[in-house]
Amino acid sequence: MSAKRQRWFSGGELPCVPPPPFTDHPCRMVLLGPPGVGKGTQAKLLCERLRACHLSTGDLFRSARCGGAVSAALREALVAMRRGELVSDEIVIEMVRERAECLQCLGGFLLDGFPRTVQQAIALEEMLSDLNVALDAAICFELPLEEILARLTGRRTCSACQAVFHVTAQPPQVAGWCDYCRAALVQRADDQPEAIRVRMKVYHDETQPLIDFYEQHGKLQRVLATGSPEEIFERTMKLFSLV
Ligand code: AP5
């Protein structure tokens with residue numbers, strides 16, 4: 001795990017170690033797009049280049065599951081996740097609000113997986129306005145359904161450090177084992193066919209309306225997510241004249 005994200009994962013008053021980099025024009029963006037389109041993969045590449053912080057609510061829930069005691073609210077969230085359903089707005093907004101200082105990160109941020117409903121988007125607007133911080137853009141990655149399904153069904157995740165691989169597109173050096181920490185790679189419970197079906201429906205019903213929301217706010221940028229991760233990354237950087 002990148003040291004910079006410790007504060008996001010732990011919440012509270014923990015300082016970032018090392019401190020976030022100062023940049024004159026920190027990028028503050030939301031990443032949108034269906035499950036498996038490659039948001040997490042792009043967030044990693046973009047954050048490395050832009051020196052921004054990757055704030056993923058999915059990673060936050062998964063890491064909380066691996067921690068010690070689990071609250072009743074978190075237990076409820078993990079059950080919803082396994083089924084492919086959304087965690088309730090109340091729980092998600094509360095968790096992000098507890099970490100609102102991450103939205104003031106001097107290096108900027110890429111929010112991955114939040115917001116996911118219009119209610120969450122409105123809550124984010126309120127948090128940013130309270131912090132006197134403006135969102136630069138919402139990037140929506142787009143890909144045909146059959147390619148999305150191939151990415152989801154081939155994904156393997158490290159059971160320890162959560163690094164992401166793909167059995168054919170991004171295979172580990174040794175099949176079944178993480179390149180970074182040598183722990184076993186597993187398939188996420190919500191990458192099983194029934195959970196994928198639920199996630200796609202939830203995306204269509206709950207998250208797609210956000211595309212209109214950000215278009216109406218003049219923030220939406222669409223990026224075609226075909227090709228290699230590096231090609232998509234270059235396409236995204238060019239869109240913002242960041243190369
Ligand atoms: P979350 O973790 O956010 O899942 P997601 O949005 O469904 O996105 P994924 O992580 O599945 O995919 P991705 O787009 O990041 O793709 P990736 O880069 O991994 O959320 C999980 C759950 O948590 C939700 O279902 C919900 O229950 C809950 N939750 C989280 N946030 C919430 C919120 N705000 N409100 C309510 N509930 C919330 O790539 C996928 C695969 O493709 C990988 O194997 C990768 O190696 C491969 N790949 C990537 N790019 C390429 C490429 N260009 N070519 C070939 N393969 C590629």
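Whatever order the structure lists them in is the order used to number ligands and atoms, beginning at 1. Note that the structure is predicted; figures quoted are calculated from it, not measured.
In terms of polar-atom proximity, defined here as any N/O pair under 3.5 Å, V87 does make such a contact with ligand 1. At a 3.5 angstrom cut-off on N or O pairs, G84 does not count as close to ligand 1. By the 3.5 Å distance cut-off applied to N or O atoms, R188 is counted among the residues near ligand 1. Taking distance alone, with nitrogen or oxygen atoms compared against 3.5 Å, K39 approaches ligand 1 more closely than that limit. Taking any N or O of G36, backbone or side chain, at least one lies under 3.5 Å from an N or O belonging to ligand 1.
When only non-hydrogen protein atoms are considered, atom 7 (O) of ligand 1 lies nearest to R199 NH2, 2.7 Å. Protein heavy atom at the shortest distance from atom 28 (C) of ligand 1 is M81 CG, 3.5 Å. R116 CD, 3.9 Å is the protein heavy atom nearest to atom 38 (C) of ligand 1.
By the rule that hydrophobic residues join a cluster once side-chain heavy atoms approach within less than 4.5 Å of another member, L239 and L50 end up as members of one cluster. Hydrophobic clustering keeps V164 apart from V174 (ILVMFWY residues linked when any side-chain heavy atoms are closer than 4.5 Å, directly or through intermediates). Under the 4.5 Å side-chain heavy-atom criterion for grouping Ile, Leu, Val, Met, Phe, Trp and Tyr, L220 is connected to F213 within one hydrophobic cluster. No single ILVMFWY cluster, assembled from side-chain heavy atoms under 4.5 Å apart, contains both V186 and F61.
A donor-acceptor pair under 3.5 Å is absent between the side-chain atoms of T117 and the main chain of E206, judged by distance alone. With hydrogens and angles disregarded, a donor-acceptor distance shorter than 3.5 Å links the side chain of K219 to the backbone of L135. Between the side chain of Q170 and the main chain of H166, no donor-acceptor pair closer than 3.5 Å is present. Looking at W8, its side chain does come within 3.5 Å of a backbone N or O of S56 through a donor-acceptor pair. The backbone N or O of L185 sits nowhere less than 3.5 Å from a side-chain atom of S159 that would complete a donor-acceptor pair. At distances below 3.5 Å, at least one donor-acceptor pair connects side-chain atoms of R116 with backbone N or O atoms of G113. For R28 (side chain) and F109 (main-chain N/O), no donor-acceptor pair under 3.5 Å exists by modelled atom type.
Per-residue contacts place T57 under 4.0 angstrom from the following atoms of ligand 1 (heavy atoms of the residue considered): 30 (C), 31 (N), 32 (C), 34 (N). Those atoms of ligand 1 that come under 4.0 Å of a heavy atom in G38, given as number and element, are 13 (P), 14 (O), 16 (O), 17 (P), 18 (O), 39 (O). Which parts of ligand 1 touch G40 is read off a 4.0 Å heavy-atom cut-off, strictly below it: atoms 13 (P), 15 (O), 18 (O). Those atoms of ligand 1 that come under 4.0 Å of a heavy atom in G113, given as number and element, are 31 (N), 32 (C), 33 (C), 34 (N). Close approach of ligand 1 to E85 (heavy-atom distance below 4.0 Å) involves ligand atoms 26 (C), 27 (O). Listed by number with element, the atoms of ligand 1 under 4.0 angstrom from any heavy atom of A169 are 55 (C), 56 (N). For ligand 1, the atoms closer than 4.0 angstrom to any heavy atom of F165 are 43 (C), 44 (O), 46 (O). Below 4.0 Å from some heavy atom of R62 lie the following atoms of ligand 1, by number and element: 2 (O), 21 (C).
Both the backbone and the side chain of L86 come within 4.0 Å of ligand 1, judged by heavy-atom distances. At a 4.0 Å heavy-atom cut-off, ligand 1 does not touch D112 at all. With a heavy-atom cut-off of 4.0 Å, Q170 touches ligand 1 through its side chain alone. Contact annotation: for S56 versus ligand 1, there are no heavy atoms closer than 4.0 Å.
Across the listed options V164, L111, T41, T41 owns the non-hydrogen atom lying nearest to atom 50 (N) of ligand 1.
When the shell of 6.0 Å around CD of E90 is examined, it contains 12 or fewer heavy atoms from other residues, nucleotides or ligands. Heavy-atom neighbours of Q119 CD from other residues, nucleotides or ligands within 6.0 Å: at or below the threshold of 12.
The closest approach between any non-hydrogen atom of A77 and ligand 1 is not below 4.0 Å.
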